[in-house]
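Everything below concerns the one structure shown next.
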Amino acid sequence: MEVEAMKDKMEKVLTHLESFLSDSEESMFGSKTPQELLVVVSANLSSVKSTGYLSSPEQMLNMFLPTASLQEIAMDNGWGSQYIELADHFEQALESCS
C-alpha cells in the first residue's frame with residue numbers, strides 16, 4: 001500500500017480511537033484514564049493531519065501493547081473487538097507515519 005494511503009489509514013485509526021475514548025469510562029485495570037490517552041491520541045492525530053507523521057510514535061506504540069491501559073479500557077467499555085481491528089490497522093500504518 002502506498003504511503004499516502006497508509007497515512008490516511010492512520011488518520012482513520014486515530015479518529016476512531018478519539019471517538020471510542022471520548023465515550024469510555026475508566027478501567028480498574030488500566031493505569032491511565034481515557035482522558036489521559038485521549039490527549040495523546042488527539043495530539044498525534046493533529047500531527048498526522050498537518051505533517052503526515054505521528055508526534056510521539058513510541059508513546060502510541062506503547063498504548064497498543066497487550067494489557068496496556070488502552071486495551072483494558074476497550075475491553076471494559078465494550079469495544080474490545082474494535083480495539084483488535086484498530087491495533088491491526090495501526091500496526092500496518094505505523095511505518096509510514098513514524
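Owing to the predicted nature of the structure, the values given are computational and were not obtained by experimental measurement.
- Considering only heavy atoms from C-beta on, Ile73 stays 4.5 Å or farther from Thr33 through its side chain.
- Scanning all heavy atoms of the two residues, the minimum distance from Ser96 to Lys7 falls at O-CE, 3.2 Å.
- Note that OG of Ser31 and CG of Leu37 are 8.0 Å apart. Values are rounded to the nearest 0.5 Å.
- The shortest non-hydrogen separation linking Met6 to Ala93 is O-CB, 3.3 Å.
- Formation of a donor-acceptor pair under 3.5 Å by the Asn77 side chain with backbone atoms of Glu25 is found in this model.
- Two residues are said to be in side-chain contact when any heavy atoms from C-beta on lie closer than 4.5 Å; Met60 and Leu14 meet this criterion.
- Heavy-atom neighbours of Gln35 CD from other residues, nucleotides or ligands within 6.0 Å: above the threshold of 12.
- Counting only heavy atoms from C-beta outward, the side chains of Gln82 and His16 never approach each other to under 4.5 Å.
- For the pair Pro34/Glu26, a side-chain contact is recorded, criterion being any heavy-atom separation below 4.5 Å from C-beta on.
- Residue Met63 holds its CE atom at 12.5 Å from CD of Gln71, rounded to the nearest 0.5 Å.
- Side-chain contact, Thr67 with Glu72: no donor N or O sits under 3.5 Å from an acceptor N or O.
- Scored by the side chain to side chain donor-acceptor pair (under 3.5 Å) test, Gln59 finds Ser56 as partners (sequence neighbours excluded).
- A donor-acceptor pair under 3.5 Å is absent between the side-chain atoms of Asn44 and the main chain of Leu54, judged by distance alone.
- Residues Glu18 and Ser42 meet the side-chain proximity criterion, which asks for heavy atoms closer than 4.5 Å.
- Within the 3.5 Å criterion, the main-chain N or O of Gly30 finds no donor-acceptor partner in the side chain of Ser69.
- You'll find the side chain of Gln92 reaches within 4.5 Å of the side chain of Lys9, heavy atoms only.
- In the hydrophobic cluster analysis, where Ile, Leu, Val, Met, Phe, Trp and Tyr join through side-chain heavy atoms closer than 4.5 angstrom, Ile84 is grouped together with Val41.
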Yes or no on side-chain contact (heavy atoms from CB on, under 4.5 Å) for His89 and Lys12, after CA distance, side-chain angles and deciding distance? CA-CA 9 Å; His89 290 296; Lys12 287 178 185 172; over 6 Å; no
side-chain contact (heavy atoms from CB on, under 4.5 Å) for Leu17 and Leu45? Distances and angles first, verdict last. CA-CA 10 Å; Leu17 272 181; Leu45 178 57; over 6 Å; no
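- Applying the ring pair (Phe, Tyr, Trp, His ring centres under 6.0 Å) test to Tyr83 and every residue at least two apart in sequence or in another chain returns Phe64.
- Side-chain contact between Asp23 and Trp79 is absent, with no heavy atoms from C-beta onward closer than 4.5 Å.
- Neither Met75 nor Leu21 shares a network with the other; the hydrophobic side chains, linked directly or stepwise wherever heavy atoms of I, L, V, M, F, W or Y lie under 4.5 Å apart, form separate groups for each.
- Side-chain N or O atoms of Ser47 include one that pairs as donor or acceptor with a backbone N or O of Tyr53 at under 3.5 Å.
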